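Just below is one structure, and these are the notes that go with it.
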Amino acid sequence: MKHRISHILKQKPSDERLVVEGWIRTKRMSKTVCFLEINDGSSLASLQAVIDLTSFASAKTLEDVTTGSAVSAEGILVQSPGGNQAVELSCDAITVHGSSPVDSYPLQKKRHTLEYLREIAHLRARTNTIGAVARIRSEVSYAVHSYFHDKGFYYVHTPIISTSDAEGAGQMFQVTTLDMLNLPKSSDGQIDYQQDFFGKKASLTVSGQLEGETYAMALKNIYTFGPTFRAENSNTKRHLSEFWMIEPEMAFCDLEGDMDIAEEFLKYVFNQVLTNCPSDMQFFSRFIEKGIADVLQQVVETPFTHMTYTDAIKELSANNGKFDFPVSWGVDLQTEHERYLTEQVCKGPVIVTDYPKEIKAFYMKMNDDEKTVRAMDVLVPRLGEIIGGSERESRLDVLEKRMVDLSLNPEDYWWYLDLRRFGSVKHAGFGLGFDRAIQYITGMQNIRDVIPYPRAAKQAEF
RNA sequence: UCCCCUGUAGCUCAGUCGGUAGAGCAGGUGGCUGUUAACCACCCUGUCGGCGGUUCAAGUCCGUCCGGGGGAGCCA
């Protein structure tokens, strides 16, 4: 019988013959016995295969069983006399599918730095840390879909290629089939995009929100989950130029409903990971971020703190001496302020609402004070902003005025404004940076280590 | 994009006052009756990031470019 190692490790010893397929992590030999650690990616733990060399028929094949090689090992599961595992494979036959020369295999059986592993991104999933990240990432993806599915949300595929600069959210990557060495020019000397593939300037999407809103205005509750792109030259441990975003959008929903969903959603996802990936989470708790599993558990059990921007500024300005950048009403919260709020004041996630309209996007609903908008950011310790959302402006006249005030051309957004002309209703949504969520859950310091092949400025080797 | 740090063996790093480099791990060989970060002994390994400069002499000092890390801004 073939089974994944995660399954085998939970079984009791039996006489049933097993075939185990995987890659060798380490080999330890003595005169009469050989120990192999076989890992197939299904769990952090490897299966120990033990070969009795006094009776093993083809000892020569063991020379090819080296760190990194792909093997099938056959035998029966027995109780392990060793202390580190309950069961082990008593192995009497082994097939080497692909050997792995020890003098050139880049992964040694020792600890490597994450920086080094980034240089061998095609092999790093074979390490404990990156393998565990990959499993968590998959589990979180599944949890995202199951949460929304169970709540009656529909998954909408918004376009990757966009011709609208959704929220002015950063520089966009241009998409073109024009000959870069021979660009067609119109009479005024500008590039003639009418000759480009789409007949107009096109870019990779920075957000699926505006398109998502159009489907929320038909299906009521929807979400998107896909890649987004920012061409910002930002070099930090929590930015990527290609990252994944989850964007729910709910019709007949105000900011309070938006915040309720955001909190419930995060807690659901955290709880799923804690329940379904206990050994991986234990690994992160021990070696990556001390106690992260307990922190997540506490987050799941504790209501999020709520605070208006104005109250946050009051709290922060009373401690202005502690900051490099003192705050006053109207300024955007900087990293140090977000961390102070989450780590010192609230000691956990906090939702900050009702920001000044000047520092938020055009589509957010204006409050009656005409100074603040119905925005909400979920801030978490260590990372800062993990979710940004708002109730959308559903009043046509107010929205048009906002666009004009911000020098946006309403004609460019004609279809978006149509939503306010035909059956407009209050609605709200938010965006969650998927990779940042993985960072938060695992405690991984650098966002480049939670996505298989990170894209950033000057970095797209793989 | 700005500020700071950094680049030496396959990996992680040390290298003093400028005098042609060395430690752990990895790897190899041998040993070891059950190991699990295996252990013990011996052995191998260098374009000191690139280019230029100062000097009798540069890993070391200077300039410059490139790579990596941290912080900031921007955001998710």
Side-chain angles (χ1 to χ4, degrees), chain A residues 25-38 45-54 63 66-68 78-85 88 90 100-120 127-128 166-171 206-209 227-247 287 323-325 332-336 338-339 359-361 377-380 383-389 430-440 445-451 456-459 461:
Chain A
R25 284 290 178 84
T26 69
K27 175 172 71 172
R28 292 180 294 274
M29 291 261 273
S30 69
K31 201 171 202 171
T32 58
V33 65
C34 173
F35 299 96
L36 301 173
E37 297 286 336
I38 305 176
S46 299
L47 178 66
Q48 173 162 281
V50 183
I51 299 170
D52 182 355
L53 296 176
T54 59
E63 288 175 17
T66 54
T67 303
V78 299
Q79 190 172 14
S80 177
N84 284 16
Q85 58 279 318
E88 63 189 22
S90 176
S100 178
V102 287
D103 53 351
S104 56
Y105 185 54
L107 288 171
Q108 302 167 359
K109 55 176 186 180
K110 56 170 285 193
R111 215 180 112 84
H112 286 109
T113 60
L114 292 166
E115 291 79 24
Y116 171 68
L117 293 177
R118 267 174 235 154
E119 297 171 9
I120 48 168
T127 64
N128 285 340
E167 43 187 296
Q171 289 289 108
V206 296
S207 162
Q209 181 199 313
T228 48
F229 306 87
R230 307 273 166 95
E232 293 287 352
N233 184 17
S234 59
N235 201 308
T236 82
K237 57 185 179 180
R238 55 187 201 286
H239 286 86
L240 290 167
S241 7
E242 177 183 292
F243 62 100
W244 287 64
M245 197 150 59
I246 297 148
E247 295 180 289
F287 298 112
F323 303 126
D324 293 335
F325 298 93
D332 209 349
L333 298 183
Q334 314 224 11
T335 303
E336 59 175 339
E338 293 179 347
R339 295 194 63 160
I359 57 174
K360 287 294 177 184
D377 286 353
V378 180
L379 313 179
V380 296
L383 282 180
E385 183 179 347
I386 192 171
I387 279 180
F430 61 84
L432 168 72
F434 181 70
D435 313 276
R436 282 192 187 169
I438 303 298
Q439 255 189 299
Y440 182 68
Q445 295 286 312
N446 196 310
I447 199 167
R448 295 173 190 198
D449 299 322
V450 302
I451 188 169
K458 301 283 194 317
Q459 194 179 353
E461 173 68 22

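Just so we're on the same page: letters track the sequence lines, and every chain starts at 1. FYI, side chains are in, hydrogens and waters are out, and symmetry mates aren't considered; it's all heavy atoms of this structure. Because the structure is a prediction, the values reported are computed rather than measured.
Counting only heavy atoms from C-beta on, A:Leu240 has its side chain closest to B:A76 among B:A76, B:A26, B:U35. Set against B:A72, B:G34, B:U12, the side chain of A:Gln334 has B:A72 as its closest nucleotide. In the set B:A76, B:C11, B:G70, the nucleotide with an atom closest to the side chain of A:His112 is B:C11. Taking every side-chain heavy atom of A:Arg436 into account, B:C75 is the closest of B:C32, B:G27, B:C75. The side chain of A:Thr113 approaches B:U12 more closely than any other nucleotide in the set B:G28, B:U12, B:G34. Checking B:G34, B:G27, B:G10 against the side-chain heavy atoms of A:Lys109 singles out B:G27 as nearest. The listed nucleotides are B:U35, B:U12, B:G70; the one nearest the side chain of A:Phe35 is B:U35. The listed nucleotides are B:U12, B:G73, B:A76; the one nearest the side chain of A:Thr335 is B:G73. Taking only side-chain atoms of A:Arg118, from C-beta outward, the nucleotide of B:C74, B:U1, B:G69 with the closest atom is B:G69. The side chain of A:Tyr116 lies closest to B:G10, out of B:G27, B:G10, B:G34.
Between B:U20 and B:A58, the distance separating the two C1' atoms is 10 Å to the nearest Å. Taking atom P on both nucleotides, B:G50 is separated from B:U33 by 48 Å, rounded to a whole Å. The separation of B:A9 from B:G63, taken at their P atoms, amounts to 24 Å, rounded to a whole angstrom. B:C25 and B:U45 have their C1' atoms separated by 13 Å, with the value rounded to a whole Å. Here, B:C44 and B:G10 have their C1' atoms 12 Å apart, quoted to the whole Å. The separation of B:U55 from B:C3, taken at their P atoms, amounts to 31 Å, rounded to a whole angstrom. Taking the C1' atoms as reference points, B:G28 lies 32 Å from B:G67, given to the whole Å. Spacing of P atoms, B:U60 relative to B:A14, comes out at 16 Å, to the nearest Å.
Taking atom CD of A:Gln459 as the reference point, atom P of B:C66 lies 16 Å away to the nearest angstrom. Going from atom NZ of A:Lys31 over to atom C1' of B:G30 covers 11 Å, rounded to whole Å.
Between the side-chain ring of A:Phe434 and the base of B:A76, no stacking contact exists by the 5.5 Å and 30° definition.
For the pair A:Lys360/A:Asp377, a side-chain contact is recorded, criterion being any heavy-atom separation below 4.5 Å from C-beta on. Looking only at side-chain heavy atoms (C-beta outward), A:Gln85 and A:Ser46 stay at 4.5 Å or farther from each other. Side-chain atoms of A:Arg25 and A:Asn128, non-hydrogen and from C-beta on, do get closer than 4.5 Å to each other. By the 4.5 Å heavy-atom criterion applied to side chains, A:Ile451 and A:Leu240 are counted as neighbours.
Side-chain N/O atoms of A:His239 and base N/O atoms of B:C75 include a donor-acceptor pair closer than 3.5 Å. Taking only distance into account, the side chain of A:Lys110 meets the base of B:C11 through a donor-acceptor pair shorter than 3.5 Å. On a pure distance criterion of 3.5 Å, a polar donor-acceptor pair joins the side chain of A:Gln108 and the base of B:G10. At a cut-off of 3.5 angstrom, counting only N and O atoms as typed in the model, there is a donor on one side and an acceptor on the other between the side-chain of A:Glu88 and the base of B:G34.
Taking only side-chain nitrogens and oxygens, A:Asn235 never comes nearer than 4.0 Å to OP1 or OP2 of B:A72.
Heavy atoms of A:Thr67 sit nowhere under 4.0 angstrom from any nucleic acid atom. Within 4.0 Å (heavy atoms only), A:Glu385 reaches sugar-phosphate atoms of the nucleic acid but no base atom. Contacts of A:Asp435 with the nucleic acid, taken as non-hydrogen atoms under 4.0 Å apart, are absent. Heavy atoms of A:Ser30 sit under 4.0 angstrom from at least one base atom.
A:Gln459 and A:Arg118 are not linked by any side-chain donor-acceptor pair at a separation below 3.5 angstrom, with hydrogens and angles left out of the test.
A donor-acceptor pair under 3.5 Å is absent between the side-chain atoms of A:Arg238 and the main chain of A:Arg436, judged by distance alone. A donor-acceptor contact shorter than 3.5 Å links the side chain of A:Glu336 to the backbone of A:Asp324.
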